[in-house]
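Structure record follows, encoded as structure tokens.
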Amino acid sequence: MTMSALLNQTHIVQAYPHALWQHLDDLACEALYDELSLEHKPGLVCPSSNGSHTDMTHQTFIDSIASLKGYFATLSQFGYSDADFETIKAQGIYQETKMRTATCGINTHKGAIFNLGFICAAIGRCLQAGLPLTARHICAQLVTCWQVDLTTRLTRDPDSHGQKMQQKYGVTGAIEMVANGFEVIEHQVLPCFYDTMQRTQDFEKASMQALMLLISVLSDTNIIWRGGMVQLERVQQLATTFLQAGGVHQAYWRAQVQDIEHYFIEHNLSPGGSADLLAVTIFLYKVEHEFNYSL
Ligand SMILES: CC(C)(COP(=O)(O)OP(=O)(O)OC[C@H]1O[C@@H](n2cnc3c(N)ncnc32)[C@H](O)[C@@H]1O)[C@@H](O)C(=O)NCCC(=O)NCCS
Ligand SMILES: Nc1ncnc2c1ncn2[C@@H]1O[C@H](COP(=O)(O)OP(=O)(O)OP(=O)(O)O)[C@@H](O)[C@H]1O
């Protein structure tokens, strides 16, 4: 980021704070919408398929995203004003209730509320500290500000799928991902997204390549919940093989993605954690892009 862009960023937050929070809110909702709109995500809800899900549809997700509007502006402001951890947590819990009201009780965006909520709070912290809005600074703020709180003060629900899988298999999940400042996104998935964009100028290809990378490396507790460690390792291998063969840079990549999609549906699997983190990756890309080049 150039110095003039940084000055602009500081100027904008002081002169037009509401416009800035609203813009961040729009970008986060757009990122969720982009994730939802990507076709042939294996096992996940897409515009033309409900994947391995029987209780939610594309419309359920649209309703859910509508219920999230305003939440990301609030979390960004909370970060900017140095709100305490309990305030951030209470807002997340409230937002989950709102989401469930909008979806008739279905969990569409629990992971996203948590992940993207904390990213927005970290963006607020960066703005307060006058730091450029880059993934590096945003992720570093997460670790500095909330790693200890996240690992010691977040009440863990022993009945959640994620916590049950942690108890049974010793895997880490959503909480550790945020507490570690989305290391895998900063160092692997976002660079992969940029690289694919640069090589192809194709948002769909960049999104699919990033999703496959996420599936290949993540201990996704949604996959483990439905298929155990055996299926986690199988789908990680499928995604790895796809990427090693060239991923979306191959001529017939769509046919291969559809084979993977069929495998997920046949085995009733769904990579919900990877979907959430694809939205995080897209959001970071949008934020870096907007604040580095547009201001
Ligand atoms: C903090 C949360 C995510 C706890 O998650 P938990 O480990 O109990 O697992 P749970 O099965 O409830 O949901 C986790 C969700 O994360 C996503 N996920 C799955 N695996 C992973 C992974 N490896 N990395 C990141 N996300 C993942 C999926 O979407 C999944 O649905 C949340 O569910 C929660 O406790 N909410 C209560 C409100 C709260 O305290 N919020 C914090 C402030 S916003
Ligand atoms: N497009 C998507 N399709 C499906 N899940 C998604 C999508 N995007 C994100 N997710 C994430 O996946 C999670 C799905 O949670 P859910 O509890 O339904 O898992 P599940 O494996 O279907 O559980 P259950 O077996 O109880 O139905 C949500 O928390 C959500 O954040």
Side-chain angles (χ1 to χ4, degrees), residues 31-47 49-58 60-62 64-65 68 71-72 74-75 78-79 83 85-97 99-100 103 105-121 146 149-151 153-167 169 171-180 182-185 189 207 211 214-215 217-227 232 264 268-282:
L32 289 173
Y33 187 72
D34 289 339
E35 179 266 298
L36 176 63
S37 305
L38 181 67
E39 289 286 14
H40 302 300
K41 296 186 300 291
L44 294 158
V45 175
C46 303
S49 160
N50 296 336
S52 304
H53 295 270
T54 51
D55 58 353
M56 48 199 189
T57 65
H58 184 253
T60 323
F61 275 85
I62 295 285
S64 178
I65 293 171
L68 296 178
Y71 166 67
F72 302 110
T74 302
L75 268 278
F78 279 178
F85 186 69
E86 291 304 321
T87 305
I88 294 174
K89 192 173 122 183
Q91 194 66 30
I93 293 169
Y94 168 69
Q95 192 58 53
E96 268 192 43
T97 315
M99 171 200 78
R100 285 187 192 272
T103 61
I106 307 296
N107 165 21
T108 38
H109 285 118
K110 187 182 189 181
I113 289 169
F114 181 61
N115 293 320
L116 280 175
F118 268 101
I119 292 265
C120 287
W146 297 297
D149 286 333
L150 283 164
T151 46
R153 290 177 59 199
L154 198 62
T155 319
R156 295 189 184 232
D157 173 5
D159 292 326
S160 77
H161 296 173
Q163 293 308 304
K164 281 184 178 166
M165 295 305 95
Q166 202 154 2
Q167 286 301 316
Y169 299 111
V171 294
T172 57
I175 297 171
E176 291 72 24
M177 179 59 61
V178 180
N180 292 332
F182 296 99
E183 264 182 332
V184 69
I185 295 188
V189 188
S207 300
L211 179 63
L214 280 161
I215 294 172
V217 296
L218 203 68
S219 59
D220 189 323
T221 56
N222 287 52
I223 295 178
I224 304 170
W225 169 254
R226 286 175 174 229
L232 177 73
F264 270 80
N268 192 33
L269 304 171
S270 175
S274 304
D276 292 336
L277 298 185
L278 173 62
V280 169
T281 305
I282 293 173

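Indexing begins at 1, ligand by ligand and atom by atom, following the structure's order. Computed from a prediction, not measured in an experiment: that's the story for all the values here. Note: hydrogens, waters and symmetry copies are ignored here, and every other heavy atom, side chains too, is used.
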[atom1]-[atom2] distance between [X] and [Y], expressed to the nearest 0.5 angstrom:
| X | Y | atom1 | atom2 | value |
| --- | --- | --- | --- | --- |
| Leu269 | Ile224 | CG | CD1 | 11.0 Å |
| Asn115 | His109 | CG | NE2 | 11.0 Å |
| His58 | Ser37 | NE2 | OG | 5.5 Å |
| Phe114 | Met177 | CZ | CE | 11.0 Å |
| Leu75 | Leu116 | CG | CG | 9.5 Å |

| said: So if I apply the side-chain contact (heavy atoms from CB on, under 4.5 Å) rule between Ser274 and each of Ile215, Val189, Asn222, Val217, which one comes out positive? | reply: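 So, applying the side-chain contact (heavy atoms from CB on, under 4.5 Å) to Ser274 and each of Ile215, Val189, Asn222, Val217, only Ile215 qualifies.
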Determine whether a donor-acceptor pair (N or O, by modelled atom type, separation under 3.5 Å) exists between the side chain of [X] and the backbone of [Y].
| X | Y | result |
| --- | --- | --- |
| Ser219 | Thr172 | yes |
| Lys110 | Asn107 | no |
| Thr281 | Leu277 | yes |
| Thr108 | Phe61 | no |
| Tyr33 | Ile65 | no |

Please report whether ligand 1 has a polar contact with [X], defined as an N or O pair separated by less than 3.5 Å (distance criterion only).
| X | result |
| --- | --- |
| Gln163 | yes |
| Thr155 | no |
| Lys89 | no |
| Gly92 | no |

| message | With the threshold set strictly below 4.0 angstrom, can you tell me whether any protein non-hydrogen atom sits that near atom 16 (O) of ligand 1? | response |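 Yes.
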Heavy-atom closest contact ([X] atom, [Y] atom, distance):
| X | Y | result |
| --- | --- | --- |
| Thr103 | Ile106 | OG1-O, 2.6 Å |
| Ser270 | His53 | OG-NE2, 2.7 Å |
| Lys164 | Pro158 | CG-O, 3.5 Å |
| Pro47 | Leu38 | CD-O, 4.3 Å |
| Leu150 | Leu154 | O-CB, 3.6 Å |
| Cys46 | His40 | SG-N, 3.7 Å |

To which protein heavy atom is [atom] closest, and what is the distance rounded to 0.1 Å?
| atom | value |
| --- | --- |
| atom 29 (O) of ligand 2 | Asn107 OD1, 3.1 Å |
| atom 28 (C) of ligand 1 | Asn222 OD1, 3.1 Å |
| atom 18 (N) of ligand 1 | Gly273 CA, 3.4 Å |
| atom 12 (O) of ligand 1 | Lys110 NZ, 2.7 Å |
| atom 27 (O) of ligand 2 | Arg226 NH2, 3.6 Å |
| atom 14 (C) of ligand 2 | Asn222 ND2, 3.3 Å |
| atom 21 (C) of ligand 1 | Ala174 N, 3.9 Å |
| atom 10 (P) of ligand 1 | Gly162 N, 3.8 Å |
| atom 8 (N) of ligand 2 | Glu35 OE1, 2.9 Å |
| atom 19 (C) of ligand 1 | Thr221 OG1, 3.0 Å |
| atom 3 (N) of ligand 2 | Val45 N, 2.9 Å |
| atom 12 (O) of ligand 2 | Gly272 CA, 3.1 Å |
| atom 8 (O) of ligand 1 | Ser160 OG, 2.6 Å |
| atom 5 (N) of ligand 2 | Leu44 CD2, 3.6 Å |

| said: Using a strict threshold of under 4.0 Å (side-chain N to carboxylate O), is an ion pair present between Arg156 and Glu176? | reply: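 Arg156 and Glu176: salt-bridged.
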What atoms of ligand 2 come closer than 4.0 angstrom to any heavy atom of [X]?
| X | value |
| --- | --- |
| Ala275 | 7 (C), 8 (N), 9 (C) |
| Lys110 | 29 (O), 31 (O) |
| Asp276 | 9 (C), 10 (N), 11 (C), 30 (C), 31 (O) |
| His161 | 23 (O), 24 (P), 26 (O) |
| Lys41 | 1 (N) |
| His109 | 31 (O) |
| Met56 | 4 (C), 5 (N), 18 (O) |
| Trp225 | 25 (O) |

| query | Taking the side chain as C-beta and beyond, is there a heavy-atom pair between Tyr94 and Thr74 under 4.5 Å? | reply |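 Contact flag for Tyr94/Thr74 side chains = no.
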| request: Heavy-atom distances under 4.0 Å are what count here, so tell me which part of Thr108 touches ligand 2: side chain, backbone, both or neither. | output: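 Under 4.0 Å from ligand 2, Thr108 contributes backbone atoms alone.
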| message | So for ligand 2, is Asp55 a polar contact partner (N or O within less than 3.5 Å, distance only)? | response |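 Such a contact does not occur with ligand 2.
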| query | What about Phe61: any of its N or O atoms under 3.5 Å from an N or O on ligand 2? | reply |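 For ligand 2, there is no N or O atom that lies under 3.5 Å from one belonging to Phe61.
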Quick check on contacts: which atoms of ligand 1 are under 4.0 angstrom from a heavy atom of [X]?
| X | result |
| --- | --- |
| Asp220 | 19 (C), 20 (N) |
| Gly111 | 15 (C), 16 (O), 29 (O) |
| His161 | 11 (O) |
| Ile93 | 38 (C), 39 (C) |

Run down the list [options] and name the one with the heavy atom closest to [atom].
| atom | options | answer |
| --- | --- | --- |
| atom 34 (C) of ligand 1 | Met165, His109, Met177, Glu96 | Glu96 |
| atom 29 (O) of ligand 1 | Asp157, Asp276, Leu154, Leu214 | Asp276 |
| atom 41 (N) of ligand 1 | Phe182, Phe114, Phe118, Trp146 | Phe114 |

| said: Heavy atoms only, cut-off 4.0 Å: how does Leu218 contact ligand 1, side chain, backbone, both, or neither? | reply: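 The part of Leu218 near ligand 1 is the side chain, not the backbone.
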| request: Could you establish whether Ser219 and ligand 1 come within less than 4.0 Å of each other, counting only heavy atoms on the residue side? | output: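 Contact check Ser219 vs ligand 1: positive.
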| field | Trp225 to ligand 1, any heavy atom closer than 4.0 Å | value |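 False for this residue.
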